[in-house]
There are 2 protein chains.
Amino acid sequence: MARLKTHDEALRLRLLHRAAATVFDRGTAALSLRQLAADAKTSTTAVYSLFGSKAGLLSSLYQEAVRLFVERLATLHPTDDPAGDVIRIGLAYREYAVANPHLYAILFSDRSAQCPSDSDRPRETVETYRPLVDAVSRGQRAGQFSSASDPEVIALSVWGMAHGLVSLVLSGNEPQGLAVADCYERALRALVTGWRAGEEPVAGFANVT
Amino acid sequence: MARLKTHDEALRLRLLHRAAATVFDRGTAALSLRQLAADAKTSTTAVYSLFGSKAGLLSSLYQEAVRLFVERLATLHPTDDPAGDVIRIGLAYREYAVANPHLYAILFSDRSAQCPSDSDRPRETVETYRPLVDAVSRGQRAGQFSSASDPEVIALSVWGMAHGLVSLVLSGNEPQGLAVADCYERALRALVTGWRAGEEPVAGFANVT
DNA sequence: CAGCATATTGCAACAGCGTTACGAATGCCC
DNA sequence: GGGCATTCGTAACGCTGTTGCAATATGCTG
């Protein structure tokens with residue numbers, strides 16, 4: 001056959017680990033395949049036989065980031081206060097993002113630029129999404145949220161707000177003199193309150209077209 | 001002195017225009033200074049004498065994107081329904097982002113990676129931010145929003161949600177089977193409702209720690 | 001046990017990038 | 001008209017991701 005494989009699973013994990021470290025402190029742009037291979041005492045060929053390309057490597061890193069993210073969200077167990085669970089998920093979301101800014105950036109950077117096939121995207125996305133939808137569903141059954149909207153819609157709004165506020169901070173676009181950290185939870189609470197069951201719109205802006 | 005300058009304002013605008021076009025359809029990564037210079041029948045030196053570097057060029061592009069954004073938001077005139085104005089600003093926000101995805105990406109990509117000096121960032125940010133804060137302030141005076149929170153906080157939550165939902169779509173991370181476009185306005189309305197004056201938190205999640 | 005076949009691997013080259021150094025070209029002043 | 005300061009285009013540097021090719025080392029076969 002041929003010589004023993006050294007481009008094996010162990011090397012794959014070592015490369016993935018080192019790449020994650022680099023991306024974690026200096027971002028994806030600072031990740032050089034040559035440098036990575038040299039650091040791991042191997043050749044660039046290893047990266048290409050194991051990951052296919054830099055995009056493939058980043059895609060694997062994406063899978064890893066998703067796994068950590070899902071793990072983190074899984075530490076939150078449902079309580080008998082679903083609306084509170086929604087808030088807690090939102091806080092954990094922000095905590096993960098702030099703790100691992102570059103992994104978070106990998107998770108939510110442009111997917112079309114780094115994912116070879118889109119086939120695995122929806123599945124991963126829905127996996128991080130489910131706990132939130134579940135909490136909302138339970139909240140609807142408990143009467144804490146309006147049942148007029150699909151739970152997915154309510155969950156998406158929560159996710160959007162969390163993602164938006166976190167992204168503004170991480171990208172350095174939060175407005176001056178205003179710490180997002182201080183009003184993040186209040187904003188989440190206002191949103192949850194707004195989805196309360198039986199809530200009527202504020203008088204005066206029914207039709208804005 | 002020297003020979004007549006050809007690296008003048010006219011060339012600067014031409015380069016900026018071409019760069020914007022390229023970034024608009026293929027993103028910042030696809031923008032090559034060599035290609036840009038060749039397309040404009042000039043040399044790379046021109047780009048460097050006019051913009052300093054690729055980061056400088058992108059920074060100028062950022063200024064331009066902000067200007068367009070501010071112009072768009074300025075077309076919305078305050079009405080006697082401030083809460084409705086907030087919704088309208090949110091809708092215009094999304095509309096601009098969807099219409100100019102790459103300019104939007106420039107606006108909200110990592111500032112630290114492309115801005116030579118951070119000195120001009122806060123001023124620009126607050127400029128796009130002010131109409132929203134103003135609308136909230138008027139809404140508070142009209143009793144449409146709680147006065148318990150600073151208008152900046154409420155405005156930030158609206159901005160965060162708009163930015164978050166828009167970013168999820170543009171980055172290809174919206175969950176499958178759910179069109180953000182369909183629930184964007186409803187989400188904004190729920191949030192606005194949640195900030196309604198005198199609103200009490202949903203019973204049962206007062207303390208989540 | 002010798003030799004072949006073949007999978008595997010590392011080196012080097014390619015095309016492109018942003019950036020910079022430098023020499024040539026140019027128009028003004030004396 | 002000659003000297004000069006300024007401006008500009010070319011070419012080079014070091015880097016990137018990627019790929020082709022040659023060397024290598026192993027297991028099977030005769």
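Convention: sequence-line order gives letters A, B, ...; per-chain numbering from 1. These numbers come from a predicted model, not from an experiment.
- Shown here are the ring-ring contact (aromatic ring centres under 6.0 Å, His included) partners of A:Phe51, two or more places apart in sequence or in another chain: there are none.
- Remark: B:Tyr48 engages no residue in a ring-ring contact (aromatic ring centres under 6.0 Å, His included) (not counting sequence neighbours).
- Comparing A:Ser53 and B:Ser49, the nucleotide of DNA chain D nearest to each residue sits closer to the 5' end for B:Ser49.
- Sorted by first and then second residue, the pairs that involve residues 90-102 of chain B and meet salt bridge (Lys or Arg N to Asp or Glu O under 4.0 Å), not counting sequence neighbours, are B:Arg72-B:Glu95.
- D:dT7 atom P lies 10 Å from atom CZ of B:Arg3, rounded to whole Å.
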Atom pairs and distances, side-chain donor-acceptor, residues 33-41 of chain B, under 3.5 Å, sequence neighbours left out:
from: B:Gln35; atom 1: NE2; to: B:Asp39; atom 2: OD1; distance (Å): 3.4

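- Annotation: side chain to side chain contact (heavy atoms under 4.5 Å, CB included) contacts of A:Ala187 (sequence neighbours excluded): A:Met161, A:Leu165, B:Ser157, B:Trp195.
- Atom P of nucleotide D:dC15 and atom CZ of A:Arg26 are separated by 13 Å, given to the nearest angstrom.
- Shown here are the salt bridge (Lys or Arg N to Asp or Glu O under 4.0 Å) partners of A:Arg12, two or more places apart in sequence or in another chain: A:Glu9.
- Here the C1' atom of nucleotide D:dC13 and the OH atom of B:Tyr48 are 13 Å apart, to the nearest Å.
- Five base pairs at each end of the helix from C:dC1-D:dG30 to C:dC30-D:dG1 define two local axes, and these are offset by 40° (rounded to 10°).
- The stretch residues 5-13 of chain B does not touch DNA chain C, since none of its heavy atoms comes less than 4.0 Å from the strand.
- Ring centroids of B:Tyr104 and B:Tyr93 are separated by less than 6.0 Å, placing the two rings close together.
- Residue A:Leu57 contributes atom CG, which lies 14 Å from atom C1' of D:dT18 at whole-angstrom precision.
- Sorted by first and then second residue, the salt bridge (Lys or Arg N to Asp or Glu O under 4.0 Å) pairs involving residues 42-52 of chain A (not counting sequence neighbours) form an empty list.
- A straight line from NZ of B:Lys54 to C1' of C:dG16 spans 12 Å, rounded to a whole angstrom.
- Sorted by first then second residue, the salt bridge (Lys or Arg N to Asp or Glu O under 4.0 Å) pairs that include residues 43-66 of chain B, not counting sequence neighbours, are B:Glu64-B:Arg67.
- Note on residues 155-172 of chain B: no pairs pass salt bridge (Lys or Arg N to Asp or Glu O under 4.0 Å), not counting sequence neighbours.
- Applying a 4.0 Å cut-off to non-hydrogen atoms, the residues of residues 30-46 of chain A that approach DNA chain D are A:Leu31, A:Ser32, A:Leu33, A:Arg34, A:Thr44, listed by residue number.
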| said: Could you walk me through whether A:Leu103 and A:Tyr62 satisfy the side-chain contact (heavy atoms from CB on, under 4.5 Å) test, starting with their C-alpha distance in whole Å, then the side-chain angles of each, then the deciding distance to 0.1 Å, before giving a yes or no? | reply: CA-CA 8 Å; A:Leu103 288 184; A:Tyr62 172 83; over 6 Å; no
